[in-house]
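Read through the structure below, which is laid out as structure tokens, and then see the notes.
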Amino acid sequence: MQELIINILFGVIILMAAGLLLWGCRGKSGMMKKQKKTLGRILLATVYLLVLQLLPEWVYDAADALMPGAGYWMRLLLYLADYLIIGYDILIKAFKGIKNRQIFDESFLMAIATVGAIALALYGKSGDYTEAIAVMLFYQIGEWFQGYAVGKSRRNISELMDIRPDYANIERDGKLERVDPDAVAIGSTILVQPGEKVPIDGVVIEGVSSLNTAALTGESLPRDIQAGDAITSGCINMTGLLKIRTTKEFGESTVSKILDLVENASSRKSKSENFISKFARVYTPAVCIAALALALLPPLVRMLALGMPASWNIWIYRALTFLVISCPCALVISIPLSFFAGIGGASKEGVLVKGSNYLETLSQTKIVVFDKTGTLTQGVFEVNGIHHNAMENEKLLGLAALVESSSSHPISKSLQRAYGKEIDRSRVTDIQELGGKGIVAKVDGLSVAAGNDKLMDLLGIPYIRCHSVGTIIHMAIDGKYAGHIVISDVLKPRAKEAMTALKATGIQKTIMLTGDADNVAQQVAKELGIDQVYSQLLPADKVEKVEALLHSKPEKAKLAFVGDGINDAPVLRRADIGIAMGAMGSDAAIEAADVVLMDDDPMKIAKAIRISRKCLRIVYQNIVFAIGVKLVCLLLGALGIANMWLAIFADVGVMVIAVLNAIRALFVKNL
């Protein structure tokens, strides 16, 4: 009856594991070769074991009829083959650990426990080798789940750093020739066309354009550039053709330094150590020494001190039973499964966590540092004010939209969106764009100027300064000031709510790092309730600031950084835990991060922290429960009260309870 119960329980667990594995196979084309190989072995060993369980007894009896004892050896070889299929790599690792004098790790624990189970079956001539295969199989499933979750989500950062330019344009004999940026010497003249990345730092010698610098500085507004201005690599040229004289070699340019920052930050990234390894350092030697003592000491005491029969067979049997009881089935399955379930539950809520160690780190987060543009704001510019206007808002906005209609600048597009009506460009003539200042044109015969303070100064038109935060577009009609339009980045709808939610989860401090101007940064921080602000920062400055924050924080507190741009990648790698915006974030940021918010909702940060803490609570519950029951069973086994069947039943029962508890980590909707 006991054997039947064990087999039923084992069959159910194997089927559950196989089902999960089949589910995990979807989209496995991106898996590493090692993961594919392990998955194949797990499935093969699972099917093989189920076949052996269902193999009728008359097969072995038939072998015995042909040759006495053949059935016994046939059973051993069949089960041993399955054991080696699923566990040969663990045995090799254990052997290498012994060879390198690093004995007591999880591989050694698994090897000694399963070999002990086989030895016990051989000693008792029971022919039941299921326990050894089951423990090794479950261990491999847990390892595969964890490896799959990490491997699928993470690729080499160098392959996805799309900030790196592939070429530079050099003009030769009147034709553009693409060359490797490394081959461009200092003082060379290169050309950058609209839409291309600036490959090397230099000075503009010809051309006017706007640069998208968000990848480097986090600056939310494009930067106007003209002859004589310095330009940094990694920017994207948006509008005009630029001719640049290089001032640095490619290896010393800004783009190369950012790549180096990412690599160096990655090498300094703290990693959570696997619990099973730490546990095995104490548990494994203790169990092995205790089993050895149980096999040797009582017989010797009986024989030498008491003059009684040693009863070696009884005590060796107890020692082997003790070893089988020590099999950490509940731990090696439930702990990885708890993390896997936590990762799965988080993914349902739009939070991608790239590994179980990051869940552990996330649960300990006490300080959250934010980038601004694209993280707390939408990175979309909108008209949010028209001040001191000498005519109706709609009319002034219409004139601004018409004047700016020929420009592809984001500010121009925001004016056109705010106007909301069809633009009739035939009404606009004599368009004159003044780089870094604005545009002057005629609309329906009226002379209209739209631009910044510099444009008004150039035209000699007195203007009213605006104290609002944002980009100010001054308007003048026929030489008379007509008011100004305020354009600014828009806060994400739930950004303020997200700060409140973080405080509710126990976050002690919120900080914002940005490349934006100080007045813009301070205004955003005030509106959202952020504790501390650092503005006008370059990528290297952000890394240095995070370094300083990491050194000044409490020892056990973890620091999370939240960002979305390529310029955030070094900081995401350097922080204890990096969180990236997945919908609009750059590939570099997403790959550098440990956690990705798939819908860019900052409210999900607090949700992710609550999910991680629930997952860790479940892990600790399973650890205490499994170890507690295990210690009791070990004591009963040492005293001879627990026989082999009771030990296995208790072990499997603990495992089932731990697995069911682990599955609770999937349910996170109401957190």
Side-chain angles (χ1 to χ4, degrees), residues 154 157 214-218 258 261-272 351-355 357-377 492 495 498-499 502 505 507-516 521 524-525 528 530-535 537-554 557-582 584-597 600-606 608-609 612:
R154 196 148 228 151
I157 187 68
L216 296 177
T217 66
I258 289 183
L261 280 171
V262 173
E263 292 168 4
N264 292 334
S266 178
S267 67
R268 298 193 298 268
K269 176 81 180 230
S270 60
K271 299 291 183 182
S272 298
V351 179
L352 174 61
V353 183
K354 296 185 177 180
N357 53 332
Y358 301 123
L359 272 179
E360 184 178 359
T361 305
L362 189 61
S363 70
Q364 300 165 358
T365 299
K366 294 296 180 184
I367 301 169
V368 181
V369 182
F370 293 91
D371 171 53
K372 183 184 79 68
T373 306
T375 302
L376 297 174
T377 65
K492 289 190 174 179
M499 299 303 114
L502 283 172
T505 62
I507 297 301
Q508 297 169 355
K509 196 172 188 180
T510 54
I511 301 168
M512 187 171 73
L513 308 182
T514 179
D516 266 353
V524 170
L528 297 181
I530 292 174
D531 300 324
Q532 199 169 350
V533 180
Y534 298 95
S535 58
L537 301 176
L538 291 171
D541 300 327
K542 289 184 179 182
V543 174
E544 289 176 7
K545 191 62 65 178
V546 167
E547 289 274 8
L549 291 169
L550 286 169
H551 287 128
S552 63
K553 69 179 176 63
K558 298 297 182 183
L559 180 146
F561 179 80
V562 189
D564 73 310
I566 298 173
N567 64 299
D568 297 322
V571 202
L572 287 165
R573 298 288 287 178
R574 182 61 192 99
D576 290 323
I577 191 84
I579 304 174
M581 299 294 169
M584 298 299 292
S586 71
D587 286 343
I590 291 169
E591 293 306 316
D594 309 310
V595 178
V596 180
L597 308 182
D600 288 3
D601 184 357
M603 273 294 291
K604 294 293 177 67
I605 301 168
I609 293 172
S612 68

- Message: Evaluate Asp541 against Tyr534 for side chain to side chain contact (heavy atoms under 4.5 Å, CB included), listing each step before the verdict.
- Response: CA-CA 10 Å; Asp541 300 327; Tyr534 298 95; over 6 Å; no

Would you say that [X] contacts [Y] through its side chain, given a criterion of any heavy-atom pair below 4.5 Å between the two side chains?
X	Y	value
Ile605	Phe370	yes
Leu559	Val546	yes
Lys553	Asp576	yes
Val369	Lys542	no
Val368	Ile579	no
Leu597	Val351	yes

- Can Met499 and Leu376 be said to form a side chain to side chain contact (heavy atoms under 4.5 Å, CB included), step by step? CA-CA 10 Å; Met499 299 303 114; Leu376 297 174; 3.7 Å; yes

- Atom NZ in Lys545, atom CD1 in Ile511: separation rounded to 0.5 Å?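 Reported to 0.5 Å precision, the distance equals 9.5 Å.
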
- Note on the structure: To the nearest 0.5 Å, atom NZ of Lys558 lies from atom CD1 of Ile609 at 14.0 Å

- Task: List for me each residue that meets side chain to side chain contact (heavy atoms under 4.5 Å, CB included) alongside Lys492, sequence neighbours excluded, and say none if there are none.
- Result: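 Lys492: side chain to side chain contact (heavy atoms under 4.5 Å, CB included) contacts with Gln378, Ala495, Met581, Asp600, Pro602.
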
- List for me each residue that meets side chain to side chain contact (heavy atoms under 4.5 Å, CB included) alongside Ala606, sequence neighbours excluded, and say none if there are none. Ala501, Leu502, Thr505, Arg610

- Please assess Asp594 against Thr361 for the test side chain to side chain contact (heavy atoms under 4.5 Å, CB included), listing each intermediate value before the final yes or no. CA-CA 10 Å; Asp594 309 310; Thr361 305; over 6 Å; no

- Phe561 and side-chain contact (heavy atoms from CB on, under 4.5 Å): which partner among Ile367, Thr375, Leu513, Leu549? Leu513

- Message: Could you walk me through whether Val595 and Ile577 satisfy the side chain to side chain contact (heavy atoms under 4.5 Å, CB included) test, starting with their C-alpha distance in whole Å, then the side-chain angles of each, then the deciding distance to 0.1 Å, before giving a yes or no?
- Response: CA-CA 8 Å; Val595 178; Ile577 191 84; 4.2 Å; yes

If I compare all heavy atoms of [X] with all of [Y], which pair ends up nearest, and what's the gap?
X	Y	answer
Gly563	Leu572	N-CD2, 4.1 Å
Ala580	Ala593	CB-CB, 3.5 Å
Ala592	Arg573	O-CD, 3.1 Å
Asp568	Asp564	OD2-N, 3.0 Å

- Message: Using modelled atom types and a 3.5 Å cut-off, is there a donor and acceptor pairing between side-chain atoms of Thr510 and backbone atoms of Asp531?
- Response: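 Side chain of Thr510 to backbone of Asp531, a donor-acceptor pair under 3.5 Å: yes, one is there.
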
